[in-house]
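For the single chain, residues carry numbers from 1 onward in sequence order.
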Amino acid sequence: MIHFRDEFLNEVERHAAWGAAQLQALTEFLPQGPWTADLPACLYRQGGLELRVAVLGTYDLQEQSWMWGWANPGLRGTPAVALGEEAKRYGNTHGIAELAVEVLDLSGFAEPRRAAEVLAFAGMGVTGAPGYIGQSAGPTTRVYFLPDDTQVPRIRLDPVALPRMLIRADLSGGTAEIDFDAAGRITSVRMPALH
């Protein structure tokens, strides 16, 4: 069974608490309704709301592979992938291959689609985007956008609310390891390796 390397998982873990709360804020902000995207204009529309976005990547359900937006030949070098290119630069700078390799084969993972979601989460974290939006873009393709718009609410991590958020978190059958200091405050949150 294939799994992500420790360097990548450590980076994902670093964004876990903030990222989970930020994704919840984005979900609550987005209205229900059909969506469209104008990639040359970097615009995403859903339920009457229009947001500036970047293409982070795509997941091919049939091939079970992830392609970063900056690697897509039709989008390479365009404004539509500029924000996502920050993930590549971060990966190259910090030796995190999962962020810097154009296409990742996820077929060896127990849950390839969940692995794609972890890649989207990591991209959101390293770029500082206020969430990610995953949508079906055809029968075998799922596209992931990063909001790049001041309309999207940005949460501040509240150390008082964090324990409540962790209690409500859906870990999809997984577990989280939480360390506390002598005063009973959370000092770190770790997710086990995704296999």
Side-chain angles (χ1 to χ4, degrees), residues 1-27 30 35 54-72 75 81 84-88 90-92 94-147 162-179 186-195:
M1 194 67 54
I2 296 176
H3 62 277
F4 289 125
R5 294 173 332 111
D6 287 344
E7 294 83 358
F8 175 77
L9 292 173
N10 289 339
E11 188 62 39
V12 171
E13 176 184 306
R14 197 167 72 80
H15 303 287
W18 166 82
Q22 185 60 53
L23 280 174
Q24 181 178 346
L26 176 62
T27 300
L30 284 176
W35 70 277
V55 175
L56 178 62
T58 53
Y59 174 62
D60 184 313
L61 284 76
Q62 191 169 13
E63 297 290 325
Q64 297 182 327
S65 64
W66 170 272
M67 177 188 291
W68 290 102
W70 51 262
N72 185 314
L75 298 174
V81 295
E85 287 176 339
E86 291 181 22
K88 176 185 179 185
Y90 190 92
N92 284 329
H94 297 281
I96 303 173
E98 289 88 345
L99 298 175
V101 174
E102 292 185 357
V103 177
L104 292 122
D105 179 0
L106 305 179
S107 63
F109 284 81
E111 297 179 58
R113 181 156 170 199
R114 183 171 174 228
E117 295 286 332
V118 172
L119 287 163
F121 185 86
M124 167 193 137
V126 300
T127 62
Y132 68 86
I133 303 166
Q135 296 285 8
S136 293
T140 63
T141 304
R142 192 157 170 80
V143 63
Y144 291 86
F145 300 99
L146 292 177
L162 179 59
R164 286 192 301 273
M165 182 196 65
L166 290 172
I167 289 169
R168 292 193 313 265
D170 176 8
L171 300 175
S172 300
T175 60
E177 297 173 6
I178 304 169
D179 294 327
I186 293 175
T187 58
S188 69
V189 178
R190 290 180 306 287
M191 302 295 291
L194 176 64
H195 293 285

(request) Just jot down the side chain to side chain contact (heavy atoms under 4.5 Å, CB included) partners of V101, sequence neighbours excluded, or say none. (result) A97
(request) Please name the pair of heavy atoms, one in G131 and one in L23, separated by the smallest distance, quoted to 0.1 Å. (result) CA-CD2, 3.9 Å
(request) For T127, enumerate each residue passing the side chain to side chain contact (heavy atoms under 4.5 Å, CB included) test, keeping only those at least two apart in sequence or located in another chain. (result) L83, E86, A87, A129, L146
(request) Not counting sequence neighbours, which residues clear side chain to side chain donor-acceptor pair (under 3.5 Å) with D105? List them please. (result) S107
(request) Check ring pair (Phe, Tyr, Trp, His ring centres under 6.0 Å) between Y132 and all other residues, then give those that pass, not counting sequence neighbours. (result) Y144
(request) Tell me, please, which residues at least two apart from E102 pass salt bridge (charged side-chain N to carboxylate O under 4.0 Å, His left out). (result) R76
(message) So, using side chain to side chain contact (heavy atoms under 4.5 Å, CB included) as the criterion, who are the partners of N92 when residues are at least two apart?
(response) K88, A100
(message) If you define the side chain from C-beta out and look only at heavy atoms, does anything of L75 sit under 4.5 Å from W70?
(response) no
(request) Kindly indicate whether the side chain of L30, heavy atoms from C-beta on, has any atom under 4.5 Å from the side chain of W35. (result) no
(request) Supply the atom-to-atom distance F8 CZ to H3 NE2, rounded to the nearest 0.5 angstrom. (result) 12.0 Å
(message) Within the structure provided, determine whether P130 and L26 are in side-chain contact (heavy-atom separation under 4.5 Å).
(response) no
(request) Sort and list the pairs that fulfil salt bridge (Lys or Arg N to Asp or Glu O under 4.0 Å) and have at least one residue in residues 55-66, not counting sequence neighbours. (result) none
(message) Can you tell me how far apart OG (S65) and CG (L104) are? Round to the nearest 0.5 Å.
(response) 9.0 Å
(request) Identify, with sequence neighbours excluded, every residue that meets salt bridge (charged side-chain N to carboxylate O under 4.0 Å, His left out) alongside R5. (result) E7, E98
(message) Could you tell me if the side chain of R142 sits less than 4.5 Å from the side chain of E117, heavy atoms only?
(response) yes
(message) Distance check, rounded to the nearest 0.5 Å: Q22 atom CD versus T27 atom OG1?
(response) 9.5 Å
(request) Only pairs at least two apart or in different chains count here, so list each salt bridge (Lys or Arg N to Asp or Glu O under 4.0 Å) that has a residue in residues 122-138. (result) none
(message) What I'd like to find out is whether the side chain of M124 reaches to under 4.5 Å of the side chain of W18, using heavy atoms alone.
(response) yes
(request) Kindly compute the distance separating NE2 (H94) from CG (N10), expressed to the nearest 0.5 Å. (result) 13.0 Å
(message) Any heavy-atom pair between the side chains of W68 and L99 that's under 4.5 Å?
(response) yes
(request) Would you check if Y59 and M67 make a side-chain contact, meaning some heavy-atom pair closer than 4.5 Å? (result) no
(message) Using the ring centroid of each side chain, check whether F109 and W66 are separated by less than 6.0 Å.
(response) no
(request) Kindly indicate whether the side chain of V55, heavy atoms from C-beta on, has any atom under 4.5 Å from the side chain of N72. (result) no
(message) Under the rule for salt bridge (charged side-chain N to carboxylate O under 4.0 Å, His left out), what residues qualify as partners of E85, not counting sequence neighbours?
(response) none
(request) With sequence neighbours left out, write down each residue that passes side chain to side chain contact (heavy atoms under 4.5 Å, CB included) with E11, or none if nothing qualifies. (result) R14, H15, Y90, I96, V126
